[in-house]
Novice: 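Dumping the structure here so I can ask a few things about it.
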Amino acid sequence: MASRIADSMLLVMGPHQRSIPSHRAGLHCSPGMLCLKLESILGKEIKRQCSVSMKRSKIVQAVAIPVAPPPIDSAEYRKQLAKNYGFQQIGEPLPENVTFKDVIDTLPKKVNFTEMAAFYHAAKDVITEYQFDRISYVNVFEIDDVKAWKSVLISATSYALGLIMISKAPWYLLPLAWAWTGTAITGGHDCAHKSFSRNKLLEDIVGTLAFLPLIYPYEPWRFKHDRHHAKTNMLSEDTAWHPVLREEFDSSPILRKAIILGYGPIRPLMSIAHWLTWHFDLNKFRPNEVKRVKISLACVFAFMAIGWPLIIYKTGVMGWIKFWLMPWLGYHFWGRLKFRISFSLLKDTTIGLHSVGLCQKPNFLCMSTFTMVHHTAPHIPFKSSDEWNAAQAQLNGTVHCDYPRWIEILCHDINVHIPHHISSRIPSYNLRAAHQSLQENWGKYLNEARWNWRLMKTIMTICHVYNKEQNYVAFDKLAPEESQPIDFLRKVMPDYA
């Protein structure tokens with residue numbers, strides 16, 4: 001009986017409360033009370049039996065103390081995970097029966113309440129409430145030419161202001177000017193998603209021009225980026241990012257060191273390798289895409305052949321570095337576009353050495369700051385194609401992250417990323433309205449954060465090698481002797497949330 005009472009007390013108290021010491025449990029148990037009453041009559045034999053009962057109670061209580069950890073869908077557990085990872089909220093797992101269409105059907109209607117009130121007051125006698133609701137809402141997919149060109153104006157003036165800052169700033173303020181200018185060169189995204197203009201030729205022209213200062217071919221990026229949206233968080237198929245596969249990590253010491261270095265301190269700049277290897281090779285595109293790819297490549301090469309010599313002629317080689325190269329590196333740090341680089345192991349049969357080479361198959365991927373934050377977290381799984389679920393990947397597997405407002409303005413709210421993945425046809429100026437509706441309808445399933453150092457540290461020191469059960473295994477758990485770059489990050493990166 002003492003054992004049953006001790007177990008029941010532990011169950012009522014739960015794993016986080018202090019348990020009652022065993023000797024107190026023994027004194028309160030019925031055998032102990034019986035023992036006290038009969039002590040004078042039955043003597044030492046009864047005392048011995050009572051002592052055995054107390055010891056038995058102690059043993060049972062010791063066994064009962066360990067408890068299972070809270071389930072993954074526990075609100076308290078998710079709250080603790082959010083704190084540990086630097087998130088504001090970690091969403092509940094999305095139910096299996098929720099379809100992607102269910103989510104899309106809840107996308108918002110944007111309302112101008114002033115115009116609604118005036119319209120309703122004038123027309124209330126001739127239309128029904130239902131008809132009024134139907135005609136007073138504006139779909140967030142609708143393209144607004146004024147707002148679209150306003151976004152172009154923001155990018156152009158911000159970039160021009162950045163160049164002026166670079167020309168006027170003293171040397172010690174140049175990094176700030178480069179950061180501003182690199183962040184401002186982020187136009188053209190809506191064009192690539194066909195959400196900029198109803199005139200598709202105009203859309204392609206604006207997109208191509210916006211990409212030129214980056215030496216980025218517009219059509220190659222558009223084709224690859226569309227695949228990222230179609231297969232977000234699908235293992236080996238997502239063209240923006242997926243974890244390192246264990247067989248790749250173990251295939252060669254040289255490849256392993258290259259992977260660890262790429263995920264180490266230079267990770268925010270690794271999108272440069274993707275730019276170089278993925279957008280200039282015609283063999284990476286379908287036959288029906290090649291013609292458009294060639295036009296984009298011709299535009300990029302023309303800009304390089306004309307623009308670069310003009311910059312050098314006017315400002316010298318140091319001017320080219322100052323006005324073009326450094327802002328370009330700043331752009332790649334933010335990585336607003338989604339980047340990847342593929343590494344494969346090539347064996348030199350002549351000399352018996354291993355070397356790291358580039359190949360077409362997507363194996364090791366890298367990303368810059370935006371991509372890391374939007375699609376990478378220890379609790380967000382990557383799924384194989386036979387297990388992948390579009391609703392879970394786009395709604396439950398994409399992260400909304402708030403940045404300083406000036407960054408959000410220059411990058412046209414691309415950080416409002418969940419609705420952008422529910423439908424890339426939503427123009428950037430409608431993303432916030434769409435996100436607000438998703439919060440109202442699906443809020444408990446959303447992953448949300450505000451940029452902080454703990455968030456970045458979590459991503460860069462934990463999210464490495466794919467594991468089906470754990471999602472990720474850190475490099476230093478698999479190869480601690482070769483993970484000095486990761487150890488370095490753990491030591492030097494702040495842990496502020």
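By convention here, the first residue in the shown sequence is residue 1. All values below come from the heavy atoms of this structure, side chains included, with hydrogens, waters and symmetry mates left out.
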Novice: Under 3.5 Å, is there a donor-acceptor pair between the side chain of Trp453 and the main chain of Tyr496?
Specialist: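 A pair under 3.5 Å: no.
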Novice: Is a donor from one side chain sitting under 3.5 angstrom from an acceptor on the other, for Asp402 and His400?
Specialist: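 The criterion, which ignores hydrogens and geometry beyond distance, is satisfied for His400 and Asp402.
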Novice: Going through the checks in order, is the side-chain contact (heavy atoms from CB on, under 4.5 Å) test met by Ile143 and Tyr429?
Specialist: CA-CA 9 Å; Ile143 294 172; Tyr429 41 83; 3.8 Å; yes
Novice: Rounded to the nearest 0.5 Å, how far does OG of Ser428 lie from NE2 of His193?
Specialist: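 It comes to 10.0 Å.
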Novice: Nearest heavy-atom pair of Cys299 and Leu212: which atoms, and what distance?
Specialist: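 What the structure gives for the nearest pair is O-CD2, 3.6 Å.
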Novice: Any non-hydrogen side-chain atom of Val244 less than 4.5 Å from a side-chain atom of Phe475?
Specialist: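 Val244 vs Phe475: side chains touch.
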Novice: Look at atom NZ of Lys194 and say whether more than 12 heavy atoms of other residues, nucleotides or ligands are closer to it than 6.0 Å.
Specialist: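 Yes, the 6.0 Å shell around NZ holds more than 12 heavy atoms from other groups.
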Novice: If you draw a 6.0 Å radius around CH2 in Trp308, do more than 12 non-hydrogen atoms from other residues or ligands fall strictly inside?
Specialist: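 Enclosed: over 12 neighbouring heavy atoms sit under 6.0 Å from CH2 of Trp308.
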Novice: Taking the side chain as every heavy atom from C-beta outward, state whether Glu448 and Phe87 have any atom pair closer than 4.5 Å.
Specialist: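 SC-SC contact between Glu448 and Phe87 ruled out.
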Novice: Can you name the closest pair of heavy atoms from Ala179 and Thr183 and give their distance?
Specialist: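 Scanning both residues, the minimum pair turns out to be O-OG1, 2.6 Å.
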Novice: So do Val300 and Met304 actually touch side chain to side chain, heavy atoms under 4.5 Å?
Specialist: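 Yes; the side chains approach each other to less than 4.5 Å.
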Novice: Please find the pair of heavy atoms, one from Ile380 and one from Tyr472, that lie closest to each other, and give the distance.
Specialist: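 Taking every non-hydrogen atom into account, O-CE1, 3.8 Å.
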Novice: For Arg198, is there an ion pair with Asp145 - N to carboxylate O distance below 4.0 angstrom?
Specialist: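 Looking at Arg198 together with Asp145, the answer is yes, because their closest N to O distance falls below 4.0 Å.
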Novice: Is there a side-chain contact between Asp476 and Glu482 in this structure, where contact means two heavy atoms from C-beta onward sitting under 4.5 Å apart?
Specialist: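 No - every pair of side-chain heavy atoms lies 4.5 Å or more apart.
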Novice: Return yes if a side-chain donor-acceptor contact under 3.5 Å exists between Thr232 and Gln394, otherwise no.
Specialist: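 Per modelled atom types, Thr232 and Gln394 side chains form a pair under 3.5 Å.
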Novice: Calculate, to the nearest 0.5 Å, the distance between atoms SG and CD belonging to Cys401 and Gln88 respectively.
Specialist: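 The CD atom of Gln88 is 8.5 Å from SG of Cys401, to the nearest 0.5 Å.
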Novice: Determine the minimum heavy-atom distance between Ser195 and Arg425, stating which atoms define it.
Specialist: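 That would be CB-O, 3.5 Å.
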Novice: Given the side-chain rings of Phe196 and Trp149, with only the six-membered ring counted for Trp, is the space between their centroids under 6.0 Å?
Specialist: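 Yes; Trp149 has its ring centre under 6.0 Å from that of Phe196.
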Novice: Considering all heavy atoms of both residues, which atom of Ser437 and which atom of Leu107 are nearest to each other, and what is their separation?
Specialist: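 Of all heavy-atom pairs spanning Ser437 and Leu107, the closest is OG-C, 4.2 Å.
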Novice: Using ring centroids (six-membered ring only for Trp), state whether His420 and His189 fall under 6.0 Å.
Specialist: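 Yes, the ring centres sit under 6.0 Å apart.
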Novice: Between Asp238 and Arg227, does any NZ, NE, NH1 or NH2 come within less than 4.0 Å of an OD or OE carboxylate oxygen?
Specialist: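 Asp238 and Arg227: not salt-bridged.
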Novice: Verify whether one side chain among Thr106 and Asp102 offers a donor that lies under 3.5 Å from an acceptor in the other.
Specialist: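 Asp102 and Thr106 do not have a side-chain donor-acceptor pair below 3.5 Å.
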Novice: Salt bridge or not between Glu289 and Lys294? Use side-chain N to carboxylate O under 4.0 Å.
Specialist: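 Looking at Lys294 together with Glu289, the answer is no, because their closest N to O distance does not fall below 4.0 Å.
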Novice: Counting distance only, does the side-chain N/O of Thr461 pair as donor-acceptor with the main-chain N or O of Arg490 below 3.5 Å?
Specialist: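 Flag not set: sc Thr461 to bb Arg490 has no pair under 3.5 Å.
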Novice: Report the residues that fulfil side-chain contact (heavy atoms from CB on, under 4.5 Å) with Gln470, sequence neighbours left out, ordered by chain and then residue number.
Specialist: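 In terms of side-chain contact (heavy atoms from CB on, under 4.5 Å), with neighbours along the sequence ignored, Gln470 is linked to Asn467, Val473.
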Novice: Evaluate side-chain contact (heavy atoms from CB on, under 4.5 Å) for Asn471 paired with Phe382, printing each intermediate quantity in order.
Specialist: CA-CA 7 Å; Asn471 296 334; Phe382 271 71; over 6 Å; no
Novice: Report yes if some heavy atom in the side chain of Glu203 is under 4.5 Å from a heavy atom in the side chain of Asp190; otherwise report no.
Specialist: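 No - every pair of side-chain heavy atoms lies 4.5 Å or more apart.
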Novice: Could you check whether any side-chain N or O of Asn452 sits under 3.5 Å from a backbone N or O of Arg450, counting only pairs where one atom can act as donor and the other as acceptor?
Specialist: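 Side chain of Asn452 to backbone of Arg450, a donor-acceptor pair under 3.5 Å: yes, one is there.
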Novice: Using 4.0 Å as the upper bound for N to carboxylate O, is an ion pair formed by Glu237 and Lys383?
Specialist: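 Judged by the 4.0 Å cut-off on N to carboxylate O distance, Lys383 and Glu237 do not form a salt bridge.
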Novice: How about His374 and His421: does a side-chain donor come under 3.5 Å of a side-chain acceptor?
Specialist: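 Per modelled atom types, His374 and His421 side chains form no pair under 3.5 Å.
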Novice: Output, in order, the C-alpha distance, side-chain angles, deciding distance and verdict of side-chain contact (heavy atoms from CB on, under 4.5 Å) for Leu282 and Leu297.
Specialist: CA-CA 10 Å; Leu282 295 177; Leu297 292 179; 4.0 Å; yes
Novice: Distance check, rounded to the nearest 0.5 Å: Lys468 atom NZ versus Leu235 atom CG?
Specialist: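 Going from NZ on Lys468 over to CG on Leu235, the span is 10.5 Å.
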Novice: Given Leu431, which of Ile426, Asn415, Val140 fulfils the side chain to side chain contact (heavy atoms under 4.5 Å, CB included) condition?
Specialist: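 Of Ile426, Asn415, Val140, side chain to side chain contact (heavy atoms under 4.5 Å, CB included) with Leu431 is met by Ile426 alone.
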Novice: For Asp495, enumerate each residue passing the salt bridge (charged side-chain N to carboxylate O under 4.0 Å, His left out) test, keeping only those at least two apart in sequence or located in another chain.
Specialist: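 If we apply the salt bridge (charged side-chain N to carboxylate O under 4.0 Å, His left out) test to Asp495, skipping adjacent residues, the hits are Arg454.
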Novice: Indicate the atoms forming the closest heavy-atom contact of Asn447 with His379, along with that distance.
Specialist: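 Shortest heavy-atom contact: OD1-NE2, 2.8 Å.
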Novice: Report yes or no: is the cationic atom of Arg256 (NZ for Lys, CZ for Arg) under 6.0 Å from the centre of the six-membered ring of Phe249, at an angle within 45° of the ring normal?
Specialist: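 Relative to the ring axis of Phe249, which defines the angle, Arg256 lies inside both limits.
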Novice: Does the distance from a Lys or Arg side-chain N to an Asp or Glu carboxylate O, for Asp413 and Arg405, drop under 4.0 Å?
Specialist: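 Here Asp413 pairs with Arg405 in a salt bridge, since their nearest N and O are under 4.0 Å apart.
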Novice: Report yes or no: is the cationic atom of Lys224 (NZ for Lys, CZ for Arg) under 6.0 Å from the centre of the six-membered ring of Phe285, at an angle within 45° of the ring normal?
Specialist: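 Yes.
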Novice: Whether the side chain of Trp180 engages the backbone of Met165 through a donor-acceptor N/O pair (distance < 3.5 Å, no angle test) should be reported.
Specialist: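 Such a contact is absent between Trp180 side chain and Met165 backbone.
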Novice: Can you tell whether the side chains of Asp204 and Lys200 come within less than 4.0 Å, N to carboxylate O?
Specialist: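 Judged by the 4.0 Å cut-off on N to carboxylate O distance, Asp204 and Lys200 do not form a salt bridge.
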Novice: Would you check if Trp442 and Leu395 make a side-chain contact, meaning some heavy-atom pair closer than 4.5 Å?
Specialist: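 Trp442 vs Leu395: side chains touch.
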Novice: I would like to know whether His375 and Val399 meet side-chain contact (heavy atoms from CB on, under 4.5 Å); could you show each step before the answer?
Specialist: CA-CA 6 Å; His375 300 287; Val399 176; over 6 Å; no
Novice: Supply the atom-to-atom distance Trp388 CH2 to Asn233 CG, rounded to the nearest 0.5 angstrom.
Specialist: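 Between Trp388 CH2 and Asn233 CG, I get 9.0 Å after rounding to 0.5 Å.
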Novice: Is the shortest heavy-atom distance from the side chain of Pro427 to the side chain of Glu142 under 4.5 Å?
Specialist: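 No - every pair of side-chain heavy atoms lies 4.5 Å or more apart.
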Novice: So, Lys491 and Asp487, do they make that salt bridge, N to O below 4.0 Å?
Specialist: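 Result for this pair is no, no salt bridge flagged.
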Novice: Can you measure from NZ (Lys168) to CG (Leu173) and round to the nearest 0.5 angstrom?
Specialist: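 With rounding to 0.5 Å, NZ (Lys168) is 14.5 Å from CG (Leu173).
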Novice: With no hydrogens and no angle check, is any side-chain donor or acceptor of Gln89 less than 3.5 Å from a backbone partner on Gly443?
Specialist: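 Such a contact is found between Gln89 side chain and Gly443 backbone.
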Novice: Assign the ring pair His228 / His225 to parallel, tilted or perpendicular, where the plane angle (0 to 90°) is split at 30° and 60°.
Specialist: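 Because their plane-to-plane angle lies in the 30° to 60° range, the rings of His228 and His225 count as tilted.
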Novice: Any chance the side chains of His435 and Glu440 put a donor and an acceptor closer than 3.5 Å?
Specialist: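 Result is no, nothing qualifies.
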Novice: Considering residues at least two apart in sequence or located in another chain, which fulfil the side-chain contact (heavy atoms from CB on, under 4.5 Å) criterion with Leu201?
Specialist: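 Leu201: side-chain contact (heavy atoms from CB on, under 4.5 Å) contacts with Asn199, Ile205.
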Novice: Rounded to the nearest 0.5 Å, what separates atom OH in Tyr218 from atom CZ in Phe223?
Specialist: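 So the OH of Tyr218 and the CZ of Phe223 are separated by 9.0 Å.
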Novice: Could you tell me if the side chain of Tyr331 sits less than 4.5 Å from the side chain of Trp178, heavy atoms only?
Specialist: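 Sidechains of Tyr331 and Trp178: no contact.
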